[in-house]
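Every chain is numbered from 1 and lettered A, B, ... according to where its sequence line falls, protein lines coming before strand lines. The analysis underlying the following values was restricted to heavy atoms, covering all of them including side chains, and did not include hydrogens, waters or symmetry mates.
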There are 2 protein chains.
Amino acid sequence: MAAVTQNIEDQIAQAIETMTRTERQLASYILRHYPVALLGSVTQLAKAAEVSSPTVVRLAQKMGFGGYPGLQQAVREELEARLVSPLAKHDRWAEAAPDTHMLNRFADAVLGNLQATLAQIDHAQFDATAELLADPERRIFATGGRITLPIADYFTTHMKVIRPGVELLEPVSNAWPPAMLEMRAGDVLLVFDIRRYENNVLQLVEMAADQGAEVILITDPWVSPAARHARYRFSAQIEVPSAWDSTVALQVLVETLMAAVQSLTWEETASRMKRLEGLYERARFFQRGK
Amino acid sequence: MAAVTQNIEDQIAQAIETMTRTERQLASYILRHYPVALLGSVTQLAKAAEVSSPTVVRLAQKMGFGGYPGLQQAVREELEARLVSPLAKHDRWAEAAPDTHMLNRFADAVLGNLQATLAQIDHAQFDATAELLADPERRIFATGGRITLPIADYFTTHMKVIRPGVELLEPVSNAWPPAMLEMRAGDVLLVFDIRRYENNVLQLVEMAADQGAEVILITDPWVSPAARHARYRFSAQIEVPSAWDSTVALQVLVETLMAAVQSLTWEETASRMKRLEGLYERARFFQRGK
DNA sequence: AAAACTCTGAAAATATCTTGACACAAACCA
DNA sequence: TGGTTTGTGTCAAGATATTTTCAGAGTTTT
């Protein structure tokens, strides 16, 4: 266990175990905006974290600071110690561990990948893709390789809520024909394919393209051979210090695309979500309402 | 208006020319203790600088901040920019498009989430978790909810290459019993559970814990109720400008964990990968060698 | 050297913040 | 299901903080 006087950030992170739901919401906000969140008034913090002011005060008290001013004072002191040192350390997580720790190396790589990936995206292409996926006349299919299929799965799970007519295609040869029968010209196939491009996937894309489907490809910087058949293509950076490639950048792309589609189809989507909510409610599927 | 908003420190240093004697004394104190001096109350600052409180207020007003609170707010904002790592702020890709474009908003949110998530991880806990997952004596099971199951799937897909004895558990009530029979004391269950915590998942965790399994939980900042049974817990930030939560930070956690496990078991893993490679080769599964 | 002006701090007025009391709602338990 | 506990927000009182007012000290001007 850590020493007695650890920094406030850790203290809060640790105490989160024993907190109530609203308090966690507050604590989470504080940690995400640490330490600036604690420099303002109770009221400001409460509003920003979307809780009531007594909740803020109570948390400060529970944590053993006399009250909010006490907590604030502690933060200021900690900040003073941190700011006095000449070079304000830019990498916060790097402080705690050597640069050689896997966490830091991985984090650096991932952040770099994301920056590079996002910087390369053509906004017009992105918007056009979102519109294609939002078009209610088209059905949407998604597929991927051994590694990327879970992303396609994730995509369809969410898209099925956003709009009707969304299916996951597993790239297993004998499962295609029926699915392929369903595909009409104008339908959209979203394909994830990163290196060690699999024959299965390429074949599936080819068949879909033959049937007149619009193919959207999410691949790596070396570009899958399926690109030949793709209307739109996005390349994500995937290299990390590991024997495998990282799919994080793909994931970000997918989530961003879904957010864009969702905002295009908001009216329809909102009503679908509401209905789904009702179904879950009746099935007591989740822990509690809220 | 002062469109050219330089930093406050310089602003004060420059204005010192035009100040009165007492004001200079105050300004000098502020500069010597910048920025901490400006985080407290007027009274504290006045006392510390040995001037009166009206002097403090007057200075703040003269400098063109509405009053002391205005100055304080400005300092906090400046501080925020300084304390948040530059990576979190959009630099390059933001130029190409308006800030309101989904791509930028999402990118900002995701990078912020990653930073906050990684900053909160306890390295000792991370290392201990990796060791648990690398222990060949223990079998590994992974599961997740409706949204997070693809991540568990992704995890098992990779882990199966890294080591033997890895299984995905789908949280469907009638599919548990056989899998549960397999579980022995000391086995490890990796659970993904983010909000709208599902009853299924909680039940599965409870059963596993009863059987003596070590539970590792990857959840959100509000913490799944399954935490009660977890040996180790990691909280990932998940909020993005969308109707859904983002699983990107979870994904990063998983990939990082796998990289750590892989480096612990490298010898075994390398030979397994080699054998797998041979199998793929014979099945002509991939496009071409490389 | 007196008058006018400027600067400063004491003190009061005003605004804002913090925190306790309470009531309602949700979760838990029997 | 009904009773009990726990958690959360509203409100308002009390505490602090900020700002204005004003008088006197110091400085400059004539």
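E214(B) and G186(B) make their closest contact through CG-O, 4.2 Å (heavy atoms, listed as atom of the first residue, atom of the second, distance). Heavy-atom minimum distance, L168(B) versus D153(B): CD1-N, 3.8 Å.
Distance Y68(B) OH to dT19(D) P: 10 Å, rounded to the nearest Å. With rounding to whole Å, K47(B) atom NZ is found 13 Å from dT16(D) atom P. Nucleotide dG9(D) holds its C1' atom 13 Å from the CD atom of Q25(A), rounded to whole Å. Residue Q44(B) contributes atom CD, which lies 7 Å from atom P of dA17(D) at whole-angstrom precision. Rounding to whole angstrom units, CE of residue M19(A) and P of dT6(D) are separated by 19 Å. One can place CZ of F65(A) at 13 Å from P of dT19(C), the figure rounded to the nearest angstrom. Here the P atom of nucleotide dA21(C) and the CD atom of Q61(A) are 11 Å apart, to the nearest Å. With rounding to whole Å, L26(B) atom CG is found 13 Å from dT8(C) atom C1'.
Toward the 5′ end of DNA chain D lies the nearest nucleotide of E23(A), the other residue of the pair E23(A) and V57(B) mapping further downstream.
Phosphate contact (OP1/OP2 of dT18(C), side-chain N/O of S53(A), threshold under 4.0 Å): absent. The side chain of T55(A) contributes an N or O atom lying less than 4.0 Å from OP1 or OP2 of dG9(D). Close to dT6(C), at under 4.0 Å from its OP1 or OP2, lies no side-chain N or O of T20(B).
Y232(B) is linked by a ring pair (Phe, Tyr, Trp, His ring centres under 6.0 Å) to nothing, counting only residues two or more places apart in sequence or in another chain.
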Report task. Step by step, work out the side chain to side chain donor-acceptor pair (under 3.5 Å) result for S235(B) and Q120(B). Result -> CA-CA 8 Å; S235(B) 291; Q120(B) 278 174 40; 5.6 Å; no
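Nearest nucleotide to the V42(B) side chain, out of dG7(D), dC17(C), dT18(D): dT18(D). The nucleotide whose nearest atom lies closest to any side-chain atom of T22(A) is, among dG9(D), dT8(C), dT18(D), dG9(D). Nearest to the side chain of P69(A), among dT18(D), dT21(D), dT18(C), sits dT18(C). Across dG9(C), dC7(C), dT18(D), the shortest atom-to-atom separation from the side chain of R58(B) is found for dG9(C).
Contact annotation for R21(B): backbone-only contact, meaning every heavy-atom pair under 4.0 Å involves sugar-phosphate atoms and none involves a base.
Residue T156(B) forms a side chain to side chain contact (heavy atoms under 4.5 Å, CB included) with just one option from V166(B), L190(B), L169(B), and that option is V166(B).
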